[in-house]
Structure formats: C-alpha cells, structure tokens
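Numbered from 1 within each chain, the chains take letters A, B, ... in sequence-line order.
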Amino acid sequence: MSATLVIREILKDTVSILGVELPKKVQIEPPREKKFGDIATNIAMLLASTLKDSPRNIAKKIKDLILERHSTHIEKIDIAGPGFINFFLSKSFWQSEVLKILNKGEDYGRSDLGMGKKVLVEYVSANPTGPLHVGHGRGAAVGDSLARILKFCGYEVTTEYYINDAGRQITLLGKSIYIRYKQLFGFEDEICDDCYKGEYIIDIANKIKQELGDALLKKEPNDAIQFCSQFGQDLILEQIKQDLKNFRVLHENWFSEKSLVAENFVDKTIELLKQKGLVYEKEGALWFSSSKFGDDKDRVLKKSSGDLTYFASDIAYHKDKLDRGFDLLIDIWGADHHGYIPRMKAAICALGRDKQDLQVILIQLVNLLRGGKQVSMSTRSGEFVTLEEVLNEVGPDAARFIFLSRKSDSHLDFDLELAKQRTMENPVYYVQYAHARICSVFAKAKERHIDISMKPNEVINYLTLDLEIDILKKLNEFQDIVLTCARILSPHMLTFYLMELAGMFHQYYNKCPVLGAEQKELIFARCYLLMAIRQVIAQGLYLLGVNAPERM
RNA sequence: GCGCCCGUAGCUCAGUAGGAUAGAGCAUUGGACUUCUAAUCCAACGGUCGGGGGUUCGAAUCCUCCCGGGCGCGCCA
C-alpha cells in the first residue's frame, strides 16, 4: 500500500471518531518541501465549517487521536501554517518498501481500482486507405499503454480497431487505384481531385498488373473499381497490421464496419431510436435529435440520397459495443474530431446510458521535425512520413516513449534526429540506461563472486542515507502514479515519473558505491535496493510498452 | 460569428480532485572518470505562471472579461 493510502486509512478511521466522513476533496500527498514531512493533508481546513472549530484545533484533535491509536509507522506529526497536518513516517516504514517490492515482483503497483469493470479501448482505427503515419503512431502508443495501465489497475480491458471499410473513402481508394492501373497501360485518365495521390497507390496498381495483367481493363469500370477497392484495402490493412505489430501494438479485435451494414444493424439501430421518438424526417433526410442531449444541433442519419451517414454507422457500432457488455467505452480520436464528441455522447445517452460511459481521448497533431526543420504531412497530398519510416529510423522504444511524454491533447514536437540521439534530450535512453546500469552491477557482482548471502529483511535497515530514503519514497510513489494515470486516462505522468526515478538512481550510482561499500551488510542492502529500483523501472517501462534492456 | 483546446525560464515541457518559497531537461557557464557503463553526475544562471478583475484562509489550477495561437463548426469520413 502506498504511503498516501496508509495515511488515508488512518485519517478515515480517525475522523469517524469525530463523527464525520473523509471529505471528498481531502488532499493527502507528499508536500513539496521536505520540512513539511512525508505526507501532508489539508483535512483540518476542510472540516472546519462542518465541525465548527478552527482548523488548528481540529488538527490538534486528529493528531492526538492518531498518536493514541496508530503509532506504528508514524514518527512525528506536525501541525503547521493554517492547519496542515504533516506526517513524518519512520525510516523502517520506508525501508520495508524494498521487501514489498521484491515480494510482489511484477504485481507491485497492481490495484483493484477498476473492480473488474469491463472497458473497451478503441484506438488507431485509421481508414484502410493508406499507410499509418506518425499521428496514428501516437494514438497507437497512447491506446496500447492505456490498456496496459487499466489492466494493471483491475479493469477488464479489451482493445479494438474499427475498420471503416464500407464508406465513400473506400470507393475513392478503388477509383484512385483503377486510374493508376489504367495509366500503367498508357491510358491518359487524370487522377481526380479527391483521389488518393500517394506513391503507394501506384504500387498497388502495379501489384494488380502483376497478378492479373490487363484483365481489369475488360471489366465494367464499376466492377473494376470495386475489385480495386477490395484489393487495395486488403493490402493496406495487412500493412497496417504489420506496422502495428512492429510497434508492439496488438489489438485483440478487428471490427469491420461492413459487418454492421451486412447485418442491417445500422437500420435496426435507427429503428430503435425512432421508437424512442428521437428520429424525424426533414427535407427528405432522416435526422437524430441529438440536440436533446446537449449537441448544438440535430444530425443526419440517412441522407436524402438514401445513403447512411458515417455517424449512423458509428452509433450502431457504439450500440454494438454496449450490447457486448462493456461498462466503459474509451475512444481515441484525432483532435480534429473534437467537434464530433457531443453528438457521439448524445447517441450514448439516447441509447440509455450515461454520457460518462463514453470517454474520448483526443490525440493532437505530431509536429514532425528533422534537425529542427518541419516535415509536412498529409495523406491526401501523398507527402507524409509513415509510421513505418519512423520506426525504421528511431525504433519502437524511442518512438513510444516520446509519444507518451506529453499530454495527448497537446501538440508534440517529434524530431527524428533527436530521437536517434543518445542524449538526455532523448529521455528514453536515460531511463533504459538506469535499468541497464543496474543489471551491469549485478553482472559485475557475479564476476567478483559477491554472493548475497543475507536476506533482505536482515539488511534493509542499513539503508539510512537521505538519498536512499528519498529513493524508497519515490519507489513507494509508483503505486500512486499508476492509479493517477488510470484515473485521468493518461500515461504521460508515468513517463515523467520514470525519468525522475532514473535520475535519482543515476545520482545514487555516482555518489554511493554499491559493491564497493565498506560492510557486507551495506553491500547487500544496496543490492536489494537496486533490485527494487530495477523492478519498478522495468514494470513502468512495460506499462509504456518500452523494453528494459539489460545491456546498452 | 459560435464551440473546443492551448498560453508556465531563451527553447521543449511537468505541475490532474485549489495548498505552504512554481519544477525538470535542453541551451549557457564552471566542475567530476587509474573506481559498479561519463548514454552519467555536481554547481551556477534563468519566471510579473499571456493580461485584468473575481471567488477564499490560500489560485498556475476554479469563475469572468480581454489579448495571442491551434482546431472544429457538411445530407464528408
């Protein structure tokens, strides 16, 4: 249990004696200043109005009660400023963290926050009309890491990729390929304005030519286009799957939009909304009363042409997700889709659920640089940097770590040159290096025939330096950080945490010899501390989907 | 015009249920390897948290107005 949770339990018990509950907004956290103790709380200030007493008086009462009843881990309690209660925990409490980490191993930091709640994380879901680019990579990194974190926090997580294989864009893909195909045979058809113009279209056309020769020229254009659509889409999807695999991103489900259409599920969903009185006809089209649920205006489900809108199939898709029994839907979208959130939430409400049951995480643009100079991207113009290229250049570890080093809804500068550099500007190496360095210490120990012949609980009380205690506190914090990441659905705090922990280790490494310590008990104690650090770094990196190398 | 996001050190950014003297890295300057990996460490320098008003014991954080930047406002996906 993290120190903050320990104190939380103690406070909960204590205020119950005063006849009140723990206030919802209570803060229990490590204060910025060391002199304010290990854990500080503002509880007395919050209870002042309820208990009709001054914060400092309340603080005094709480302090006395705690000292009477829970003195085990607590060395000292201070009351400071307007009524903060500052807890100083005993060294032995922090030292025992090593035991907890080593005993729990990979389960250290695991929690039951989610209580088995079923969550569907849907991410990437790029149209199979072109290769994945860097922006998709960012969404992939966030989605995959978030899924790992939520699983670790006791959610039952399923990951899914939604394939938009039924719409106009797919037809357009077929058309684009068909035109390129004809060009290969000397036809002078011009590529249309809204066509896909990337090189890969020509590659696909070439592939068709290789396999079928001129057979397609003899077909009706519409049939030929349909063939091209399917052929191109299959090929692109295969490439997308390969890219994601290389990025260590594995979706459990691949959900096809076409399957919804085939089962008439979209029409059935519209029918359901109609029964609820939320669908009406206007100007030859079918409208959904999304404005009844907070959207700016109503939205079209079926165009006057008779075609379904993308939104209609998206509602059906989300209904399908809910029907599959998920308690919480997490969608990861490009930030340019933010205007789409209110209508999707409206749909969730219309389906009888709370709007909180859909959480949308927006992924801002990746600003791709090469040596400080901007690289432009657009799938349409055909000039873009693919995820594949980035992975070939910088590798999955650096790419993932950089993608996860910012809040997902802020712009991210990604400099390909920097990502390859092995300096502090590229922090993935900093963290991985800490892990490798620890491994190297143990390799050296083996070389020198240093045998750790005492158990952790016999030596951990040798960890008495300020820096050692600080590291133990930092390790303890891991549990809180993981919980926060799960709560705010963002892995980036874990990335920062790992840099801090790695920094403390590097500092320690430079300052305190481990194998060269003067007593064998101290050598062993420091070895155990290093094992604990290594465990937490490895686990943290795992949650980010980054490797923890033993040698660098 | 309306809506959403953003504005913190020269640069890139943390600061996520409002807490005590606002933090990192880079850059700059100066130091540390015959010692467990120098892909490291130490020190110095650097801020009216875009601006004004408000809420309260307390605001980078919440409210409001203004300025500046990004994005979205389709019977597109």
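Pairing partner, C4(B): G70(B), with both Watson-Crick or wobble hydrogen-bond distances short of 3.5 Å.
Residue Tyr509(A) is classed as a base contact, given a heavy-atom separation below 4.0 Å to a base. Across all strands shown, Ala445(A) has no heavy atoms under 4.0 Å from either base or sugar-phosphate atoms. Phe36(A) comes within 4.0 angstrom of a nucleotide base, judged by non-hydrogen atoms across all strands. Contacts of Ala40(A) with the nucleic acid, taken as non-hydrogen atoms under 4.0 Å apart, include base atoms. Residue contacts for Asn86(A): at a heavy-atom cut-off of 4.0 Å it reaches a base atom on one of the strands shown. As judged by a 4.0 angstrom heavy-atom cut-off over every strand, Gln507(A) is placed among residues touching the sugar-phosphate backbone only. Contact annotation for Ala436(A): base contact, defined as any heavy-atom pair under 4.0 Å involving a base atom. Here Asp296(A) lies out of heavy-atom contact (under 4.0 Å) with every strand.
Salt bridge present: Asp53(A) and Lys61(A) bring a charged side-chain N and a carboxylate O closer than 4.0 Å. Checked for salt-bridge contact, Lys76(A) and Asp78(A) meet the test: a charged N lies under 4.0 Å from a carboxylate O. Under the 4.0 Å criterion applied to side-chain N and carboxylate O atoms, Lys321(A) and Glu160(A) are not assigned as salt-bridge partners.
Dashed line: the shortest gap from a side-chain N or O of Gln169(A) to OP1 or OP2 of A77(B) is not under 4.0 Å. Proximity of Arg32(A) to the phosphate of A20(B): a side-chain N or O atom is located under 4.0 Å from OP1 or OP2. OP1 or OP2 of C76(B) has at least one side-chain nitrogen or oxygen of Lys303(A) nearer than 4.0 Å. Between Ser410(A) and the phosphate of A14(B), there is a side-chain N or O to OP1/OP2 separation shorter than 4.0 Å. Within the 4.0 Å cut-off from OP1 or OP2 of A20(B), not a single side-chain nitrogen or oxygen of Lys35(A) is found. Taking side-chain N and O atoms only, Arg437(A) has no distance below 4.0 Å to OP1 or OP2 of U40(B). Taking 4.0 angstrom as the limit, Lys297(A) places a side-chain polar atom (N or O) nearer than this to OP1 or OP2 of G74(B).
In the interface, the side chain of Asn42(A) is paired with the base of G19(B) through a donor and an acceptor atom under 3.5 Å apart. For Lys444(A) and U35(B), a side-chain-to-base donor-acceptor distance below 3.5 Å is absent, hydrogens and geometry of angles not being considered.
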5' to 3', nucleotides 67-72 of chain B under a 4.0 Å protein heavy-atom cut-off (B base, S sugar-phosphate only, - none) gives ---SBS

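Partners of Phe401(A) under the ring pair (Phe, Tyr, Trp, His ring centres under 6.0 Å) rule, at least two apart in sequence or in another chain, do not exist in this structure. With sequence neighbours excluded, the residues satisfying side-chain hydrogen bond (donor to acceptor under 3.5 Å, both in side chains) with Arg370(A) are Glu393(A). Residues meeting the side-chain hydrogen bond (donor to acceptor under 3.5 Å, both in side chains) test with Asn86(A), sequence neighbours left out: none. Judged as a salt bridge (Lys or Arg N to Asp or Glu O under 4.0 Å), and not counting sequence neighbours, Glu21(A) has no contacts. Under the rule for a salt bridge (Lys or Arg N to Asp or Glu O under 4.0 Å), Glu9(A) has no partner lying at least two apart in sequence or in another chain. Take Glu500(A) and apply the side-chain hydrogen bond (donor to acceptor under 3.5 Å, both in side chains) test, not counting sequence neighbours, and it matches Lys474(A).
Shown are Leu46(A), Asn57(A), Ile58(A); of these, the side-chain contact (heavy atoms from CB on, under 4.5 Å) with Leu51(A) is made only by Ile58(A). Under the side-chain contact (heavy atoms from CB on, under 4.5 Å) test applied with Lys444(A), the options Ile450(A), Leu515(A), Val514(A) reduce to a single match, Leu515(A).
Atom CD1 of Ile363(A) is separated from atom C1' of C5(B) by 14 Å (rounded to the nearest Å). Here the C1' atom of nucleotide A17(B) and the CG atom of Leu22(A) are 13 Å apart, to the nearest Å. When rounded to the nearest whole Å, the span between NZ of Lys511(A) and P of C42(B) equals 9 Å. As rounded to whole Å, 17 Å separates atom C1' of A20(B) from atom NZ of Lys34(A). Straight-line distance from the CG atom of Asp78(A) to the P atom of G19(B): 21 Å, rounded to whole Å. Rounded to whole angstrom, the span from the CH2 atom of Trp333(A) across to the C1' atom of C5(B) amounts to 15 Å.
Nearer to the 5' terminus of RNA chain B, by closest-nucleotide assignment, is the contact made by Pro513(A) (compared with the other of Arg343(A) and Pro513(A)). Between Ser304(A) and Ser440(A), it is Ser440(A) whose nearest contact on RNA chain B lies nearer the 5' terminus.
Nucleotides G1(B) and U61(B), compared at atom C1', are 30 Å apart to the nearest Å. Comparing the P positions of U8(B) and G52(B) gives a spacing of 15 Å, expressed to the nearest Å. Comparing the C1' positions of U48(B) and G31(B) gives an interatomic distance of 34 Å, to the nearest angstrom. When the C1' atom is used for both A27(B) and A44(B), the distance is 14 Å, rounded to whole Å. G23(B) and G47(B) are spaced 14 Å apart, taking the P atom of each and rounding to whole Å.
Both thresholds, 5.5 Å between centres and 30° between ring planes, are not jointly met by Phe84(A) relative to the base of G19(B), so the two rings are not stacked.
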**Request:** For the pair Phe288(A) and Arg343(A), evaluate side chain to side chain contact (heavy atoms under 4.5 Å, CB included) and give the outcome as yes or no after the intermediate values.
**Result:** CA-CA 9 Å; Phe288(A) 166 51; Arg343(A) 79 187 71 167; over 6 Å; no

Residue pair Lys292(A), Asp298(A): steps toward the salt bridge (Lys or Arg N to Asp or Glu O under 4.0 Å) verdict = CA-CA 8 Å; Lys292(A) 283 187 183 162; Asp298(A) 294 344; over 6 Å; no

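Interface residues of residues 524-536 of chain A facing RNA chain B, ordered by number: none; criterion, heavy-atom separation under 4.0 Å. Heavy-atom distances under 4.0 Å link RNA chain B to Glu283(A), Ala285(A), Trp287(A) of residues 283-291 of chain A, given in residue order.
If you take CG on Leu494(A) and CG on Leu146(A), they are separated by 11.5 Å, rounding to the nearest 0.5 Å.
The closest donor-acceptor contact from the side chain of Ser145(A) to the backbone of Leu543(A) lies under 3.5 Å.
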Please tabulate, one pair per line, each protein N/O and nucleotide N/O from nucleotides 29-31 of chain B that are separated by under 3.5 Å, including the distance.
none

Quick test: give all pairs of protein nitrogen or oxygen and nucleotides 43-47 of chain B nitrogen or oxygen below 3.5 Å, distance rounded to 0.1 Å.
none

Give every donor-acceptor pair under 3.5 Å between a side-chain atom in residues 520-527 of chain A and any protein atom, sequence neighbours left out.
{"from": "Arg526(A)", "atom 1": "NE", "to": "Glu468(A)", "atom 2": "OE2", "distance (Å)": "3.0"}
{"from": "Arg526(A)", "atom 1": "NE", "to": "Tyr508(A)", "atom 2": "OH", "distance (Å)": "3.2"}
{"from": "Arg526(A)", "atom 1": "NH1", "to": "Pro513(A)", "atom 2": "O", "distance (Å)": "2.7"}

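Between Tyr317(A) and Phe255(A), a ring centre-to-centre spacing shorter than 6.0 Å is recorded.
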